[in-house]
Amino acid sequence: MWVWFFKLGSPKWFYELSGKWLPWLVAAMVIFMTIGLVWGLLFLPPDYQQGFTSRILIVHVAVAGTSLAFFPLMFVAGTITLVWRMKLADMVAKNAAILGAWFSFITLATGSLWGSVMWGTWWEWTDSRLVSMLFQLFLLLGVISLRSALEDSDAAAKACALLSIVGCINVVIIKYSVEWWNTLHQVSSPVTTDTSSPNGPEFWIATLIMIVAVYLFLTVSLILSTRNEILERERKAQWVKDLVLKAK
Amino acid sequence: MLDAIQFSSFAEFVDMGGYGFNVWAVYGLFAVFVAINLILPLRKKQKIIRQLKRRMTLDAEIQSEDDSHGD
Amino acid sequence: MSSAAPTASSNSDTDTIMLAARGLFCARDDRVLFKNLNFDLPEGQVLQVQGSNGSGKTTLMRILCGLNDGYEGSIKWYGQEIEDQAANFFSSLLYIGHRVGVAKVLTPVENLRWSCSLKQAVSDEEIMAALKEVGLRGFEESPCYTLSAGQQQRVSLARLIISPASLWVLDEPFTTLDRKGVERLEQILQRQAQAGGSVMVTTHHSLNIPELAMLSLG
Amino acid sequence: MSSAAPTASSNSDTDTIMLAARGLFCARDDRVLFKNLNFDLPEGQVLQVQGSNGSGKTTLMRILCGLNDGYEGSIKWYGQEIEDQAANFFSSLLYIGHRVGVAKVLTPVENLRWSCSLKQAVSDEEIMAALKEVGLRGFEESPCYTLSAGQQQRVSLARLIISPASLWVLDEPFTTLDRKGVERLEQILQRQAQAGGSVMVTTHHSLNIPELAMLSLG
Amino acid sequence: MTGKQTTTSAAFLATLKRDLLIAFKKKNDIVNPFMFFIIVVSLFPIGISPESDRLTEIAAGVIWISVLLASMLSMDNLYRSDFEDGSLEQLLLSPHPLFFLVLAKNISHWLVSGLPVVLVSPLLAYMLALPEEAYGTLFLSLLLGTPIMSLVGSIAVALTVGLGSRGLILAVITLPMSVPVLIFGTLAVQSTLNSQSPLGYLSLMLVMLSVSVSLAPLASAAALRISVN
Amino acid sequence: MTGKQTTTSAAFLATLKRDLLIAFKKKNDIVNPFMFFIIVVSLFPIGISPESDRLTEIAAGVIWISVLLASMLSMDNLYRSDFEDGSLEQLLLSPHPLFFLVLAKNISHWLVSGLPVVLVSPLLAYMLALPEEAYGTLFLSLLLGTPIMSLVGSIAVALTVGLGSRGLILAVITLPMSVPVLIFGTLAVQSTLNSQSPLGYLSLMLVMLSVSVSLAPLASAAALRISVN
Ligand code: HEM
Ligand SMILES: Nc1ncnc2c1ncn2[C@@H]1O[C@H](COP(=O)(O)OP(=O)(O)OP(=O)(O)O)[C@@H](O)[C@H]1O
Ligand SMILES: Nc1ncnc2c1ncn2[C@@H]1O[C@H](COP(=O)(O)OP(=O)(O)OP(=O)(O)O)[C@@H](O)[C@H]1O
Ligand SMILES: [Mg+2]
Ligand SMILES: [Mg+2]
């Protein structure tokens with residue numbers, strides 16, 4: 001177990017292994033994404049209440065659900081960085097923060113586009129999901145800006161790891177406190193966030209496919225950028241030099 | 001299978017039952033988002049390799065220069 | 001700027017070894033500062049670390065003090081890894097770096113009162129005596145921002161006089177001292193060695209200290 | 001630490017006097033640093049300002065450059081009060097103080113590009129050549145925070161090589177330089193003097209420069 | 001070699017004393033957060049509306065947010081000058097557990113820059129026409145909330161202590177984290193205004209405070225070690 | 001002795017370029033004021049009330065005050081690192097009029113930290129439910145107001161550049177000075193909301209801007225000379 005664990009920590013090993021996996025992951029991503037999108041756009045029957053806007057929802061829900069994975073991911077990576085000093089964990093964490101900010105932003109944007117239909121407004125402070133997602137975005141941007149502010153890459157790795165751990169705990173606290181706070185405002189709110197909307201089973205299958213597709217996309221994108229990070233940081237290693245010479 | 005398509009004309013498809021802007025904006029955003037986060041890393045890889053190559057030739061030059069000075 | 005050959009020359013092999021470094025390796029931004037660096041610091045020894053600008057002297061000193069962990073190799077304190085006995089090691093260590101650890105708004109006395117009390121109990125008399133010895137008589141109660149560069153350095157050097165630490169690690173303590181200051185500091189270092197303590201010091205001067213050992217980096 | 005006797009000894013009286021100070025007086029916090037200080041700096045002269053820690057060397061240098069106006073007395077530039085011809089004086093002056101004027105995030109090249117362009121137009125080739133001369137080859141594009149203390153000082157000294165200024169005022173430029181660096185800087189100062197420029201420099205070293213004049217404070 | 005080693009509590013006290021001494025010498029460390037708080041609060045009647053009905057509605061929120069800002073922005077002093085003059089290295093090289101030394105610094109900082117702000121808050125509550133019955137709750141909630149923010153902020157300061165450009169990045173990192181404190185603080189005041197008991201919220205804040213006292217200094221200590229590296 | 005003396009405009013441009021270069025290298029100088037602004041604004045719905053009717057009332061004031069704070073707090077970077085590394089002395093020893101060099105630094109600073117905040121303000125105006133018709137006025141008033149605050153703030157930064165404790169003292173000095181800008185800015189928005197023309201207020205701000213451009217750099221230059229002394 002430990003042998004495997006530390007082997008995975010070796011950038012070279014990861015680079016080679018991920019190189020083997022990538023084609024399969026990409027293929028799976030393309031298949032799921034195509035099915036999801038085509039089904040979503042062409043075949044999904046209109047919801048009797050929400051009409052064709054339920055097409056928005058399959059994208060929104062998939063992205064929103066996936067974006068909740070980032071802080072836990074960074075928590076784990078941060079712990080590995082601090083405890084086992086594994087460089088690979090930091091390379092993943094660095095790109096996860098950036099990708100996570102993208103995901104949060106797209107969640108907010110698609111949510112707003114949906115809200116502008118359902119609620120007639122693009123933004124609503126009385127919805128706790130919106131507010132806590134906004135603050136998740138802020139926390140991620142905080143991690144990114146700390147990384148860019150710190151000059152020494154080794155110190156930046158550890159500092160960001162620590163901040164991610166503290167931030168992850170905070171995301172949870174923020175989520176619950178915002179939810180609580182919000183239930184107190186529900187009464188006077190013009191908006192009711194009815195999560196149990198009457199969508200058919202077809203909707204949920206399409207959503208499920210999209211969720212798988214988006215998770216695959218997350219994995220592929222993260223692997224691609226981590227591989228870049230490996231090339232940059234290991235540029236003095238002989239295997240990278242050989243690799244560069246081989247590349248056209 | 002084709003009868004399961006929800007639209008009878010392209011115009012209807014574009015209109016999405018009156019919510020065309022929102023639906024297409026979401027799908028467009030999503031497409032851009034996915035594309036950017038796949039294409040940027042790929043392009044960056046090219047750039048890194050190009051840079052590393054240049055670096056290696058430059059290092060070799062400095063090396064040989066230093067060697068000739070040493071003599 | 002190149003990997004250093006391990007060149008520490010200790011004066012007598014029978015002494016107890018206080019600090020022993022084995023196979024130290026450190027690289028920053030791909031440049032190897034030193035590799036396979038070995039040296040012993042016996043009790044009663046002053047060891048001058050030499051090397052050109054950017055050769056890694058400061059880095060080495062900070063590594064020894066545990067302020068920098070970007071290295072490989074082993075550092076032992078009386079035969080045991082430092083990490084296993086940090087509190088023990090830290091209470092025997094006194095480090096003065098490029099930044100001397102003198103708060104600008106406080107007076108010399110107030111500064112010393114705090115920085116010494118991190119390690120041992122000290123009385124105001126001891127502090128006053130030490131300040132006098134480093135030539136700061138009359139400045140004991142002036143806030144440190146009114147002192148000149150060399151005078152601020154002298155405040156931190158007063159800690160040497162008070163300190164019972166057996167290992168001193170000093171990074172360029174001579175830079176802004178005038179000639180008298182340099183002589184006095186040399187005497188202080190010598191006194192420490194005679195009392196059985198040890199000193200590691202970086203400087204570009206040539207020190208006037210008998211039985212000085214040298215460690216050259218790049 | 002006492003009022004200094006005016007002791008500048010110029011080597012030849014026939015030279016044109018570049019800078020002349022008469023009756024300088026400065027006190028800080030009631031302590032008189034110097035009073036009735038007179039000296040002449042002729043063209044082609046290197047003048048070393050000496051004195052113990054806290055004797056007022058830094059203060060004097062800053063007064064001469066107009067960075068400190070807490071003094072009395074007159075300072076003349078080619079026979080005319082400096083205040084009356086500030087722009088003129090400033091374009092012939094190059095000052096490097098305790099803080100060397102090197103922005104940490106910028107690279108040596110970027111730093112020099114700006115600080116030189118405050119006075120004269122300079123090309124990147126000149127900058128690269130100067131950096132090479134001060135031994136920073138290979139560090140031209142590293143951000144300055146990755147440089148060691150001495151390397152940062154060298155960045156600022158590269159300005160000496162580029163600068164056409166006829167008066168250099170250098171406050172402890174030798175502090176963190178290694179031996180080779182010290183020698184090279186001594187050569188640079190000498191070259192400036194031979195070309196008819198002048199230098200005022202504080203240091204606690206004894207400089208290896210022929211026809212060096214001395215000014216002692218306290 | 002005279003002198004005997006100090007106990008941890010002596011080192012704790014020496015550090016606390018030193019930091020208080022520095023604050024009293026600089027004075028600005030004490031006066032500025034306080035002044036900043038008053039000034040920011042008084043911008044609101046100018047920027048929004050001077051009518052007391054309107055002010056009543058926003059009073060609690062404005063005071064809480066201003067306290068938050070004052071407290072975040074005053075954090076900057078916490079380790080900065082120690083880092084710059086090298087005292088921080090000396091702290092890290094102490095044989096005593098860093099936890100207590102960091103805690104001493106945090107306590108001193110709160111006494112100097114958090115407490116005065118809390119003490120003056122009833123006055124500003126009056127100026128913003130907050131109903132009288134809420135003064136007590138506001139005061140208590142601030143008394144519990146400000147140390148939490150100091151302790152959490154301390155982590156961020158410790159992480160950024162080596163940076164040239166300051167202030168803002170600190171706020172950017174810590175303000176989102178203080179949302180829960182803001183929520184419970186303002187809810188406590190709100191519930192008093194609605195004639196409900198604020199005790200639930202206040203005790204929640206007490207829990208948060210005790211958790212941060214026991215964990216945050218650990219994180220700050222780790223962060224300091226990282227920054228000084 | 002090669003090289004010929006530069007013209008003042010070349011020195012101006014070199015200084016502008018250098019400061020922009022530093023900002024783009026540090027990135028945080030650009031991103032942080034912007035982030036700070038957004039975060040502070042979004043604290044208000046949480047602290048005061050999330051309901052859009054209430055938010056509409058406070059929107060203009062909250063945005064203006066947050067801009068003010070972001071702009072004040074970002075000033076800290078303006079001369080600080082130059083002072084610490086000695087570049088400021090070099091600036092003062094330049095043979096060119098300090099007025100232009102200081103102006104170059106101010107312009108670069110505004111471009112980097114003022115402008116982005118102004119550009120994002122309509123988005124936040126929407127989130128705070130400000131009526132649409134006021135967007136234009138809000139935007140214009142901020143566009144005129146932020147450079148004034150930068151120029152005035154620059155004087156205060158220059159005066160305090162040698163101080164250890166930062167951030168807050170700056171805000172304490174400059175916030176009161178920027179009250180007139182705040183008043184005219186919010187009045188302009190208010191009058192648009194009341195269907196009156198905001199032109200009077202806006203032109204007043206234009207006058208203030210031109211006065212500060214021509215006078216503030218002089219004061220800043222003098223202040224710098226004093227601080228470096
Ligand atoms: C934590 C992040 C989020 C998650 C997990 C999430 C998840 C979901 C899910 C599962 C639904 C479907 C509920 C249904 O079946 O009707 C939904 C609906 C919706 N989401 Fe999100 N969402 C998140 C964030 C956001 C954000 C940030 C926005 C807006 C900016 C937003 C706006 C909406 C809207 C307007 C709906 C429709 C609500 C309704 O049916 O009345 N969501 N979201
Ligand atoms: N801001 C100040 N306020 C009051 N006194 C000051 C101030 N700055 C310096 N002094 C005093 O002026 C004296 C001279 O300081 P200066 O820095 O010129 O000395 P120096 O000759 O350069 O010494 P060193 O060799 O240590 O650099 C010192 O004794 C100091 O106490
Ligand atoms: N933060 C950093 N990131 C990358 N490289 C660094 C960093 N700090 C120092 N270095 C590099 O490490 C090398 C050694 O620096 P160090 O400060 O140890 O030198 P030094 O021997 O003390 O030199 P000096 O005599 O000038 O004080 C330098 O060449 C420098 O480029
Ligand atoms: Mg060094
Ligand atoms: Mg001096």
Side-chain angles (χ1 to χ4, degrees), chain A residues 71 78-79 81-83 85 90 97 101 104 125 128 131-185 187-188, chain E residues 61 72 148-149 151-188 190-191 193-194 196 200-201 204-205 207-208 211-212 215-229:
Chain A
F71 257 107
T79 313
T81 305
L82 288 182
V83 178
R85 313 231 166 140
D90 179 57
S104 310
W125 291 100
S128 49
V131 175
S132 52
M133 182 53 66
L134 183 66
F135 279 95
Q136 171 176 324
L137 176 61
F138 289 159
L139 283 171
L140 282 167
L141 291 176
V143 175
I144 295 171
S145 98
L146 180 65
R147 162 103 47 190
S148 83
L150 289 172
E151 285 136 0
D152 188 86
S153 71
D154 201 39
K158 290 187 220 154
C160 290
L162 188 68
L163 187 61
S164 307
I165 291 171
V166 175
C168 185
I169 299 165
N170 263 284
V171 165
V172 177
I173 300 175
I174 290 173
K175 192 173 155 43
Y176 285 109
S177 53
V178 167
E179 229 154 64
W180 189 352
W181 163 76
N182 196 49
T183 52
L184 295 170
H185 288 281
V187 201
S188 50
Chain E
M72 291 297 92
I148 303 179
M149 297 188 291
L151 286 162
V152 173
S154 155
I155 305 173
V157 196
L159 284 174
T160 56
V161 75
L163 297 181
S165 51
R166 309 111 198 262
L168 280 187
I169 188 166
L170 239 174
V172 166
I173 293 178
T174 38
L175 280 182
M177 292 194 193
S178 40
V179 164
V181 186
L182 175 65
I183 287 179
F184 294 124
T186 49
L187 279 183
Q190 218 80 60
S191 60
L193 287 178
N194 300 340
Q196 293 156 356
Y201 298 116
L204 245 170
M205 292 179 83
V207 172
M208 285 166 75
V211 172
S212 10
L215 294 184
L218 280 180
S220 300
L224 284 178
R225 286 205 191 282
I226 292 169
S227 292
V228 164
N229 210 330

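Naming convention: chains lettered A, B, ... in sequence-line order (proteins, then strands); numbering from 1 in each chain.
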Do the ring planes of A:Trp180 and E:Tyr201 sit parallel (below 30°), tilted (30 to 60°) or perpendicular (above 60°)? tilted

Side chain, backbone, both or neither: which part of E:Leu215 has an atom under 4.5 Å from a heavy atom of chain A? neither

How long is the gap from CD1 on E:Ile183 to OH on A:Tyr176, to the nearest 0.5 Å? 14.0 Å

So, for A:Ala149 and E:Ile169, which heavy atoms are closest and what is the spacing to 0.1 Å? CB-CD1, 3.7 Å

Considering all heavy atoms of both residues, which atom of E:Met177 and which atom of A:Leu163 are nearest to each other, and what is their separation? CE-CD1, 3.6 Å

Contacting region of E:Ile173 [heavy-atom separation from chain A under 4.5 Å]: both

Heavy-atom nearest pair, E:Pro180 first then A:Ile173, reads CG-CG2, 3.6 Å

Is there side-chain contact between E:Pro176 and A:Asn170, with at least one heavy-atom pair below 4.5 Å? no

Nearest heavy-atom contact between E:Ile155 and A:Leu162 is CG2-CD2, 4.5 Å

Using non-hydrogen atoms and a 4.5 Å limit, figure out which bit of A:Val171 sits close to chain E: side chain, backbone, both or neither. neither

Residue set satisfying ring-ring contact (aromatic ring centres under 6.0 Å, His included) with A:Phe71, at least two apart, ordered chain then number -> none

Counting heavy-atom pairs under 4.5 Å to chain E, which of A:Leu141, A:Leu146, A:Val143 comes out on top? A:Leu146

